[in-house]
Amino acid sequence: MKCSDCFQQLSNYLDGEIDAGLKRELEEHLGKCHRCQVVFDSARKTIELYCDGKLFELPSGVRDRLHAALRRRWEEAAR
Amino acid sequence: MAESPQVALKDDFALVAEAKAGSYAAFDELVNRHEKKIYRLGLNLTGNPADAEDVLQEAFLKAFVHLPDFREDSRFYTWLVRIAVNEGLMKLRKRRSDKSVPIEDSVDEEGDVMPREFADWKPNPEEQYAQAEIEEILRNAAQTLSPAFRTVFLLRDVEGLSTQETADMVGISEGAVKARLFRARLQLREELSKVFKRG
């Protein structure tokens with residue numbers, strides 16, 4: 001497998017949408033090719049970072065204003 | 001408002017039913033459950049904390065107003081994400097000088113994209129930067145994507161929507177979702193590699 005063919009399968013591999021034969025071939029290539037291994041590992045890490053629940057905390061002021069606005073709207077609707 | 005343990009144990013489906021019947025506690029619990037993720041979505045989509053707060057407020061206010069019309073043929077969270085994405089994209093459109101140009105104008109799904117950065121990353125970058133610092137790095141990297149690619153990446157990889165759900169929400173084919181996701185992932189990886197590579 002060439003590196004360019006390997007890259008084209010990046011998304012299919014990360015999503016588990018790759019057939020068993022191609023997956024075997026790709027993993028064999030990744031085992032031998034450090035550059036491709038770096039690309040695949042860092043692409044996976046990229047997704048993990050964006051999904052990390054510890055990041056992008058809701059600032060407390062934002063939360064307070066949201067709940068106050070919703071409470072106000074709820075009370076208006078109840079009148 | 002203090003959260004009642006009974007409400008906290010219920011699933012979204014039950015909470016939606018109770019909120020529709022007039023329970024504020026049930027609606028409040030739905031907000032508590034999803035507010036952080038909707039804020040994160042708004043922040044990644046718009047790249048701006050003030051806009052993200054507007055997206056958050058508008059999404060929940062609209063969810064409240066339209067709750068009686070929610071037919072429950074999708075998960076509550078998916079419905080909420082759809083509202084938030086629409087709000088976020090409206091914000092982006094308002095920023096453009098020519099408002100007649102649609103968000104989709106610059107989408108290029110064709111042509112080869114090849115990685116250029118091959119250096120190993122530092123291990124666990126999330127532990128090597130302050131939280132605010134890494135949030136800014138991720139937010140800035142997301143802003144290098146076109147809104148069309150950014151939206152697909154956020155819906156598929158961060159919000160966990162399926163390819164079909166994303167295609168329906170954005171109004172494109174499943175093939176186009178896959179093509180955009182592939183390019184978005186590679187581009188974000190390139191951007192983050194500039195910061196996280198060793199040496």
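Labels below follow one simple rule: chain letters A, B, ... track the order of the sequence lines, proteins then strands, and each chain is numbered from 1.
Nearest heavy atom pair, residue A/Phe7 against residue B/Phe182, reads O-CE1, 3.2 Å.
Figure legend: A/Arg73 and B/Phe64 shown without cation-pi pairing, the cationic atom not lying both under 6.0 angstrom from the six-membered ring centre and within 45 degrees of its axis.
No path of Ile, Leu, Val, Met, Phe, Trp and Tyr side chains, each step under 4.5 Å between heavy atoms, connects B/Val55 with B/Tyr77, placing them in separate hydrophobic clusters. Two different hydrophobic clusters hold A/Leu30 and A/Val38 under the rule that ILVMFWY side chains link at heavy-atom gaps under 4.5 Å. Under the 4.5 Å side-chain contact rule for hydrophobic residues, B/Met114 and B/Phe149 share a cluster. Cluster membership check: B/Val65 shares its hydrophobic cluster with B/Val16, using side-chain heavy-atom separations under 4.5 Å among Ile, Leu, Val, Met, Phe, Trp and Tyr. The hydrophobic clustering, which links ILVMFWY residues whose side-chain heavy atoms are closer than 4.5 Å, places A/Tyr13 and A/Leu22 together.
Ion pairing between a basic and an acidic side chain is recognised when a charged N comes within 4.0 Å of a carboxylate O; B/Glu117 and A/Arg35 show no such pairing. The pair A/Asp15-B/Arg156 counts as a salt bridge, with a side-chain nitrogen and a carboxylate oxygen less than 4.0 angstrom apart.
Residue A/Lys23 qualifies as open at atom NZ: its count of foreign heavy atoms under 6.0 Å is 12 or below. With a 6.0 Å radius and a threshold of 12 heavy atoms from other residues, nucleotides or ligands, B/Arg116 has its CZ atom at or below the threshold.
With A/Tyr50 contributing its side chain and B/Leu138 its backbone, the two residues share a donor-acceptor pair below 3.5 Å.
Counting heavy atoms from C-beta outward, B/Glu126 and A/Glu48 have side chains that stay 4.5 Å or more apart. Within the 4.5 Å cutoff, no side-chain heavy atoms of B/Leu61 are placed close to those of A/Arg72. Contact of the A/Leu66 side chain with the B/Tyr39 side chain is not registered, since no non-hydrogen atoms from C-beta on lie closer than 4.5 Å. Counting only heavy atoms from C-beta outward, the side chains of B/Phe118 and A/His34 never approach each other to under 4.5 Å. Looking at A/Leu49 and B/Phe196, their side chains come closer than 4.5 Å, going by heavy atoms from C-beta outward. B/Arg185 is listed as a side-chain neighbour of A/Leu14, based on a closest heavy-atom distance under 4.5 Å.
With a 4.5 Å cut-off on non-hydrogen atoms, A/Arg63 touches chain B through its side chain but not through its backbone. Interface remark: B/Ala119 contributes backbone atoms only to the contact with chain A (heavy atom separation under 4.5 Å). Heavy atoms of B/Ala19 lying under 4.5 Å from chain A belong exclusively to its backbone. Only the side chain of A/Glu17 comes within contact range of chain B, with heavy atoms under 4.5 Å apart. The contact between B/Leu56 and chain A is made by backbone and side chain atoms together, counting heavy-atom distances below 4.5 Å. Neither the backbone nor the side chain of B/Ala132 comes within contact range of chain A; no heavy atoms are under 4.5 Å apart. Heavy-atom distances place no part of A/Ala78 under 4.5 Å from chain B, backbone and side chain included.
Remark: B/Gln57 CD to A/Arg65 CZ distance equals 8.0 Å, nearest 0.5 Å. Rounded to the nearest 0.5 Å, atoms OG1 (A/Thr46) and CD (B/Glu190) are 9.5 Å apart. Note: B/Glu35 CD to A/Leu58 CG = 5.0 Å, rounded to the nearest 0.5 Å.
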Passes side-chain contact (heavy atoms from CB on, under 4.5 Å), B/Leu192 versus A/Lys45? Steps please. CA-CA 10 Å; B/Leu192 296 182; A/Lys45 187 70 190 173; over 6 Å; no
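Checking A/Ile47, A/Val39, A/Asp41 one by one against B/Arg189, the side-chain contact (heavy atoms from CB on, under 4.5 Å) holds for a single residue, A/Val39.
Contact tally against chain B (heavy-atom pairs below 4.5 Å) for A/Ala43, A/Ser42, A/Ser11, A/Ser4: the top residue is A/Ser42. In terms of heavy-atom pairs under 4.5 Å with chain A, the best-connected choice from B/Leu154, B/Asn44, B/Leu186 is B/Asn44.
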